[in-house]
Amino acid sequence: MEWTACLDEYEKLVFRMNTPRVVIDNAVCSTATLVKVDSARRHGILLEAVQVLTDLNLSIKKAYISSDGRWFMDVFHVTDQNGNKLTDESVINYIEQSLGTIHFGTSNCSNGLTALELTGTDRVGLLSEVFAVLAEMQCNVVESKVWTHNGRIASLIYVNDCDSGCPIEDSQKIDRIEARLRTVLKGDNDIRSAKTSVSMAVTHTERRLHQMMFADRDYERKPILQLCTDSPVITVQNWAERSYSVVNIQCKDRAKLLFDVVCTMTDMDYVVFHATIKTAGDRGHMEFYIRHTDGTPISSEPERHRVIQCLRAAIERRASEGVRLELCTEDREGLLAGVTRIFREAGLNVTRAEISTATEKALNVFYVTDAIGNPADPETIDAVRQRVGLSDLKVKELPLICHPKSEREEQAVGVGGAVLLSLGSLVRRNLYNLGLIRSFS
């Protein structure tokens, strides 16, 4: 009995060690809610923590990450979309519950839907052709996200059968859908790189889109039209004494920026050991101390260049180019095919899209430009709205990131440069911000 009791206590100890400890504090900071997570370290746990927060559309204003041996400690300063601290108890409870179970791993199930993955060369009207094929094949689009970057397109589309509302499981029908979509994606000049696949469950949608574009090597391609001059500034240096590679990023702040960066590092098999993330005004400053999963730093100039390319692509993929159009109307068969056909006939190209349905209501967001990527003509937008319905299709301003007054007044602190911070100073600073020591001076 004594031996059994010892085993029970040991199992409880192991469970406590491996179960993340989550503390949410609204008292420490006047402008943001602090979310602290302590857990046993494993590859991917940082991404899962960031994913929980960004899926709630929370803004991460600051973050301090530190891995000490086998232990993972981090703190996030978060606000809601309006720049306010978190006060909704249901949201706070959800964060505590979700972060408290990330050790056990999570994956998004398609909830009885069939997932279609598409990659290929972007062109005007492509999305219209895709949705037309799905409508003709009696596929109801329940949810979808579409990204474009450097002339490439990646889309994850969740569908079910129009008549039964059930997932599409008929293998012959699936083969026909894949064949039709592949033909559409190939067009006249994309014989080799167009790809389609079908599954009943996928990982996190936005992480999967990053993986699809990474596999498509969009980061190696040049943009067709370079409109934005505010490109990310990324440097990668090795700190040989500590066997770290130090990644510094300065770029315009936006929603889900940290998720996109950490997602790419994780999928490239790099581990973040220490990091400091800070926003000042509309700028984001990030510093990461990373190694390969085997414990080695970046080992060559081509690898360093590839890391910079991939991180720049990850930041740019979600950048919102074009006019934001929001479609809110009763869902009906063929709705997406009809609306995107109107876009195509007006010469508008969809650079990004988020499609969803809730209680038979279509809630769709499209970012559109003209055929070569320039801002769309307002008269063209007005004409499109007239055809779709002025009350259904509305032009929306791009959502702004709210910054508290005290934060806006702060001076931006530059990161990067030739001098690397000492690891001892970085660790002490992170431990101080985690509340584990009283001073880091």
Side-chain angles (χ1 to χ4, degrees), residues 16 19-41 45-68 71-103 253 255-259 261-262 272-289 401-413 415 421 424-441:
R16 286 197 299 270
T19 301
R21 178 175 176 267
V22 182
V23 176
I24 298 180
D25 193 335
N26 263 322
V28 173
C29 180
S30 62
T31 59
T33 299
L34 268 65
V35 179
K36 303 177 183 179
V37 184
D38 298 341
S39 174
R41 181 169 63 84
I45 192 170
L46 173 60
L47 174 59
E48 292 175 18
V50 173
Q51 180 179 305
V52 168
L53 300 175
T54 55
D55 281 352
L56 291 170
N57 292 318
L58 302 179
S59 295
I60 299 176
K61 301 301 182 183
K62 297 179 183 178
Y64 306 94
I65 290 97
S66 184
S67 296
D68 184 9
W71 203 248
F72 167 82
M73 300 172 288
D74 60 5
V75 59
F76 303 96
H77 293 233
V78 303
T79 67
D80 63 17
Q81 288 180 301
N82 297 318
N84 300 318
K85 297 168 71 171
L86 308 184
T87 56
D88 189 328
E89 287 298 327
S90 64
V91 173
I92 292 174
N93 292 335
Y94 176 83
I95 293 172
E96 290 177 333
Q97 181 179 5
S98 299
L99 291 176
T101 57
I102 58 176
H103 171 78
D253 189 27
K256 302 188 178 182
L257 175 62
L258 181 58
F259 170 82
V261 171
V262 174
V272 176
F273 284 84
H274 305 281
T276 301
I277 288 85
K278 177 182 175 61
T279 60
D282 66 346
R283 305 298 298 175
H285 307 265
M286 295 175 280
E287 184 175 61
F288 301 90
Y289 286 67
I401 297 178
C402 296
H403 298 274
K405 181 179 179 181
S406 60
E407 183 179 319
R408 292 197 300 268
E409 294 173 348
E410 291 181 1
Q411 294 293 326
V413 179
V415 295
L421 293 175
S425 174
L426 177 69
V427 173
R428 286 196 299 274
R429 181 176 60 192
N430 284 348
L431 292 178
Y432 169 78
N433 286 291
L434 288 164
L436 299 178
I437 60 176
R438 294 185 179 180
S439 172
F440 61 85
S441 58

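This structure is a prediction, so every number in the text was calculated from the model and none was measured.
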K.L.:
Just to verify, which of Val75, Val23, Leu99 counts as forming a side-chain contact (heavy atoms from CB on, under 4.5 Å) with Val35?
P.N.:
Leu99
K.L.:
For residues Thr54 and Lys256, report the shortest heavy-atom separation together with the two atoms involved.
P.N.:
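Here Thr54 and Lys256 meet closest at O-CE, 3.3 Å.
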K.L.:
Measure the shortest side-chain to side-chain distance between Gln51 and Phe259 over non-hydrogen atoms and say whether it is less than 4.5 angstrom.
P.N.:
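With C-beta onward as the side chain, the pair touches.
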K.L.:
Among Ile277, Val262, Thr276, whose side-chain contact (heavy atoms from CB on, under 4.5 Å) with Met286 holds?
P.N.:
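By the side-chain contact (heavy atoms from CB on, under 4.5 Å) criterion, Met286 pairs with just one of Ile277, Val262, Thr276: Ile277.
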K.L.:
Run through Asp80, Thr79, Asn26 and flag the one making a side chain to side chain donor-acceptor pair (under 3.5 Å) with Thr33.
P.N.:
Asn26
K.L.:
Can you name the closest pair of heavy atoms from Val22 and Gly100 and give their distance?
P.N.:
CG2-N, 3.8 Å
K.L.:
Looking only at heavy atoms, which two atoms of Cys29 and Lys85 are closest? And how far apart?
P.N.:
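Distance-wise, the nearest heavy atoms are O-NZ, 2.9 Å.
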K.L.:
Going by heavy atoms in the side chains, are Arg41 and Phe273 under 4.5 Å from each other?
P.N.:
yes
K.L.:
With side chains defined as the heavy atoms from C-beta onward, is the minimum distance between Asp74 and Tyr64 less than 4.5 Å?
P.N.:
no
K.L.:
If you take all heavy atoms of Ala32 and His77, which pair is closest and at what distance?
P.N.:
CB-CB, 4.0 Å
K.L.:
State, to 0.1 Å, how close Phe288 and Ala275 come at their nearest heavy-atom pair, and which atoms those are.
P.N.:
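Closest heavy-atom pair between Phe288 and Ala275: CD2-CB, 3.6 Å.
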K.L.:
Checking side-chain contact (heavy atoms from CB on, under 4.5 Å) between Leu56 and each of Ile95, Leu86, Val78, which is the one that passes?
P.N.:
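Only one of Ile95, Leu86, Val78 forms a side-chain contact (heavy atoms from CB on, under 4.5 Å) with Leu56, namely Ile95.
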K.L.:
Taking all non-hydrogen atoms of both residues into account, name the closest pair between Ala40 and Ile45 and its distance.
P.N.:
O-CD1, 3.7 Å
K.L.:
Once rounded to the nearest 0.5 Å, what's the spacing between atom CE of Met73 and atom NE2 of His274?
P.N.:
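Taking CE in Met73 and NE2 in His274, the distance rounds to 8.5 Å.
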K.L.:
Between Trp71 and Asp38, does the side chain to side chain contact (heavy atoms under 4.5 Å, CB included) criterion hold? Intermediate values first, please.
P.N.:
CA-CA 7 Å; Trp71 203 248; Asp38 298 341; 3.7 Å; yes
